[in-house]
Structures are given as C-alpha cells and as structure tokens.
Amino acid sequence: MSAFIQQAILLAVIPTLIVYACFSDLFRMTISNRLCLAIAGIFFIYAFLAGMPAEQIGSHLLAGFGVLVISFSLFAFGWIGGGDAKFVAAVSIWLGFAQLWEYFAISSILGGALTLALLFVRNQALPSPLVRLGWVSRLHDRQTGVPYGIALGIAAMLLLPQSAIWQSLI
C-alpha cells in the first residue's frame with residue numbers, strides 16, 4: 001500500500017498541484033500560501049512513506065530553505081512576486097540540490113521566453129472579444145507583471161521525472 005501512495009503522490013498529487021499553481025498564476029496572478037505549503041508539506045509524507053534517510057530529508061529541506069532565502073530577497077527587491085518566491089522554494093524541496101541549477105536554468109529560459117511573448121502581445125491591440133475576459137485584460141496590461149509561476153511550474157514538470165526521488169520509485 002505504501003508504494004501505491006508514493007506513486008500516487010509523485011504521479012498525480014504533486015503534478016496536479018504544480019499545474020494548478022501555473023493556472024492560478026495565469027488567471028489570478030497569485031499562487032496561494034496553502035498551495036505552496038501543500039507542495040512542501042506533502043514532501044514529509046512522501047519521505048516518511050519512502051523511508052528516506054534523515055540526512056537526505058535534511059538535504060532536500062536545506063535546498064528548499066536556501067531557495068526561499070534567495071527568492072524572498074528577490075521579492076524584497078521587487079524582482080519576483082511573493083507567490084513565485086514560495087512556489088520555487090516548495091518545488092526545490094522536491095528536486096533537492098542535485099537539480100537546482102538545472103531548474104534555475106530551465107526556469108530562466110522559459111521565463112524569458114514568456115516575458116518576451118507577453119511584451120510582444122502587449123504591444124498589439126487586444127481583440128474586442130478578449131477584452132471582456134478579465135484575466136486576459138490583466139495579462140495584456142503593461143503595468144501587470146509576468147506570471148512567472150508558469151515557467152517555474154513547467155520547469156518543475158520537466159525535471160521531476162528525472163529527479164532522484166522519482167527515479168527511486170520507478
């Protein structure tokens with residue numbers, strides 16, 4: 001039964017929460033505290049069920065905490081949103097130190113592409129049927145930030161199947 005729950009967490013629960021965070025950032029420009037806490041907190045359930053050694057758990061938590069410190073510094077300077085800061089830290093707990101640089105690189109590339117696409121679209125007239133959609137108007141507004149959680153989530157979905165945690169289950 002434990003293996004089934006581990007698989008469910010890795011193959012269904014965590015990906016679903018990550019995808020939900022992406023859509024939340026797209027539609028509302030926010031990623032909730034509860035969602036980030038769920039992503040981080042479920043790591044403890046998974047670690048317990050997997051019988052993960054304490055030093056491995058500590059290493060993953062240290063990775064997440066380190067990213068949280070850095071991401072909140074970026075938030076303090078106004079360079080990223082608070083939801084993005086919490087989301088990147090929660091995902092980093094799952095990836096651990098082994099994949100952090102790759103995660104940052106992929107997130108940066110995807111975030112840059114997203115930013116360029118939004119800059120291009122924001123310079124175009126918004127078709128009238130789309131003006132009525134609040135979330136589209138918000139995205140089109142030049143004063144609105146970039147829903148960077150989308151890039152963070154896609155990068156996570158690309159890397160999680162390669163993670164040591166995922167590979168140990170398969």
Side-chain angles (χ1 to χ4, degrees), residues 8-43 60 63-163 165-166:
I9 289 172
L10 284 182
L11 300 175
V13 176
I14 293 303
T16 300
L17 293 176
I18 290 171
V19 169
Y20 182 79
C22 292
F23 280 106
S24 175
D25 207 18
L26 174 64
F27 292 124
R28 295 189 314 238
M29 293 293 289
T30 184
I31 300 172
S32 77
N33 291 342
R34 278 190 246 154
L35 182 57
C36 294
L37 284 172
I39 292 169
I42 291 170
F43 175 80
H60 280 262
F65 181 72
V67 170
L68 185 65
V69 169
I70 293 167
S71 63
F72 263 94
S73 297
L74 297 173
F75 169 69
F77 285 110
W79 295 339
I80 66 171
D84 298 332
K86 294 173 283 193
F87 183 50
V88 70
V91 168
S92 295
I93 291 172
W94 284 93
L95 295 173
F97 284 111
Q99 290 182 292
L100 280 186
W101 293 117
E102 190 175 8
Y103 180 51
F104 296 151
I106 293 171
S107 296
S108 296
I109 292 167
L110 293 172
L114 176 64
T115 301
L116 289 174
L118 273 177
L119 288 174
F120 175 77
V121 169
R122 287 174 179 171
N123 282 320
Q124 310 304 314
L126 193 60
S128 58
L130 295 179
V131 172
R132 290 183 289 245
L133 299 174
W135 68 274
V136 173
S137 292
R138 188 173 41 255
L139 274 178
H140 194 262
D141 183 358
R142 290 182 180 155
Q143 300 303 313
T144 303
V146 175
Y148 208 83
I150 296 169
L152 295 170
I154 293 171
M157 295 300 289
L158 291 172
L159 288 175
L160 275 174
Q162 301 170 28
S163 70
I165 290 175
W166 195 298

Item to complete: Might you point out which heavy atoms bring Arg142 and Arg122 nearest each other, and give the distance in Å?
Response: NH2-O, 3.2 Å

Worksheet item: Nearest 0.5 Å, what's the CG-CZ distance between Leu133 and Phe27?
Response: 9.5 Å

Worksheet entry | Taking every non-hydrogen atom, the tightest pair across Met157 and Pro15 | CE-CB, 3.5 Å

Discussion item. Taking Phe104's backbone N and O only, do any of them form a donor-acceptor pair with Ser107's side chain (distance below 3.5 Å, no angle check)?
Written reply: no

Worksheet entry | Near-ring test Phe23/Tyr20, centroid separation under 6.0 angstrom | no

Worksheet entry | Residue pair Leu139 / Leu118: nearest heavy atoms and the distance that separates them | O-CD2, 4.0 Å

Discussion item. How long is the straight-line distance from CG of Leu10 back to CD1 of Ile165, given to the nearest 0.5 Å?
Written reply: 7.0 Å

Worksheet, complete the sentence: For Ser24, the side-chain hydrogen bond (donor to acceptor under 3.5 Å, both in side chains) test, sequence neighbours excluded, returns Arg28

Discussion item. Let me confirm one number: the CG-CG distance from Leu119 to Leu114, rounded to the nearest 0.5 Å.
Written reply: 9.5 Å

Worksheet item: Rounded to the nearest 0.5 Å, what separation is found between the CD1 atom of Ile18 and the CD1 atom of Ile31?
Response: 10.5 Å

Practice prompt. Mark yes when over 12 heavy atoms from residues, nucleotides or ligands other than Phe97 sit less than 6.0 Å from its CZ; otherwise mark no.
Written response: yes

Worksheet, complete the sentence: Closest non-hydrogen atoms of Leu152 and Tyr103, given as atom of the first, atom of the second and distance, are O-OH, 3.1 Å

Fill in: Note, Ile9 side chain near Phe43 side chain (heavy atom, < 4.5 Å)
no

Name every donor-acceptor pair, under 3.5 Å, that has one atom in a side chain of residues 81-95 and the other anywhere in the protein, sequence neighbours excluded.
residue	atom	partner	partner atom	Å
Asp84	OD1	Gly149	N	3.2
Lys86	NZ	Asn33	OD1	2.2
Ser92	OG	Val88	O	2.7
Trp94	NE1	Ile39	O	2.7

Worksheet entry | Expected output: side-chain Gln99 to main-chain Leu159 donor-acceptor under 3.5 Å | yes

Worksheet item: What heavy-atom pair brings Ala155 and Ile106 nearest, and what distance separates the two atoms?
Response: CB-CG2, 3.6 Å

Worksheet item: Any idea how Phe77 and Trp79 line up, ring-wise: parallel (<30°), tilted (30 to 60°), or perpendicular (>60°)?
Response: parallel

Item to complete: Any chance you could lay out the side-chain contact (heavy atoms from CB on, under 4.5 Å) test for Leu130 and His140, step after step, and finish with the verdict?
Response: CA-CA 10 Å; Leu130 295 179; His140 194 262; over 6 Å; no

Worksheet entry | Nearest atoms (heavy-atom pairs only) where Met29 meets Pro147 | SD-CB, 3.8 Å

